[in-house]
Amino acid sequence: MSEGAVDIKHPEPAVPMDEATFRWIMNEDVMATEKPAEGIRVFAHDLKMLRRRIGEHLR
């Protein structure tokens, strides 16, 4: 790696990061908490509907 290059896969954190700080920042970020949870709920709902439709089709 050349001098002054940035390692994109492992960038230096902008602030000192301990676990408590990481969890605080993550919980403040809607895209890191609420959106994944929403996606999981929608997926679970769709899976339930798909299983019901397959069951009806097989009867």
List the residues meeting side chain to side chain donor-acceptor pair (under 3.5 Å) with E38, not counting sequence neighbours, and say none if there are none. K35
Could you give all pairs that pass the salt bridge (Lys or Arg N to Asp or Glu O under 4.0 Å) test and reach residues 42-55, with sequence neighbours left out? R52-E56
Contacts satisfying side-chain hydrogen bond (donor to acceptor under 3.5 Å, both in side chains) that involve residues 14-23 (not counting sequence neighbours) are D18-T21, E19-R23
Is the shortest heavy-atom distance from the side chain of D29 to the side chain of E34 under 4.5 Å? no
Residues that L58 engages under side chain to side chain contact (heavy atoms under 4.5 Å, CB included), provided they are two or more places apart: I54
For side-chain contact (heavy atoms from CB on, under 4.5 Å), just list the numbers for E28 and T33, CA-CA rounded to whole Å, side-chain angles, deciding distance to a tenth of an Å, and then say yes or no. CA-CA 8 Å; E28 290 290 312; T33 55; over 6 Å; no
Linking Ile, Leu, Val, Met, Phe, Trp and Tyr through side-chain heavy atoms less than 4.5 Å apart, which residues share a cluster with V42? none
How is the hydrophobic cluster of W24 composed, in terms of its other members, when Ile, Leu, Val, Met, Phe, Trp and Tyr link through side-chain heavy atoms under 4.5 Å apart, directly or indirectly? none
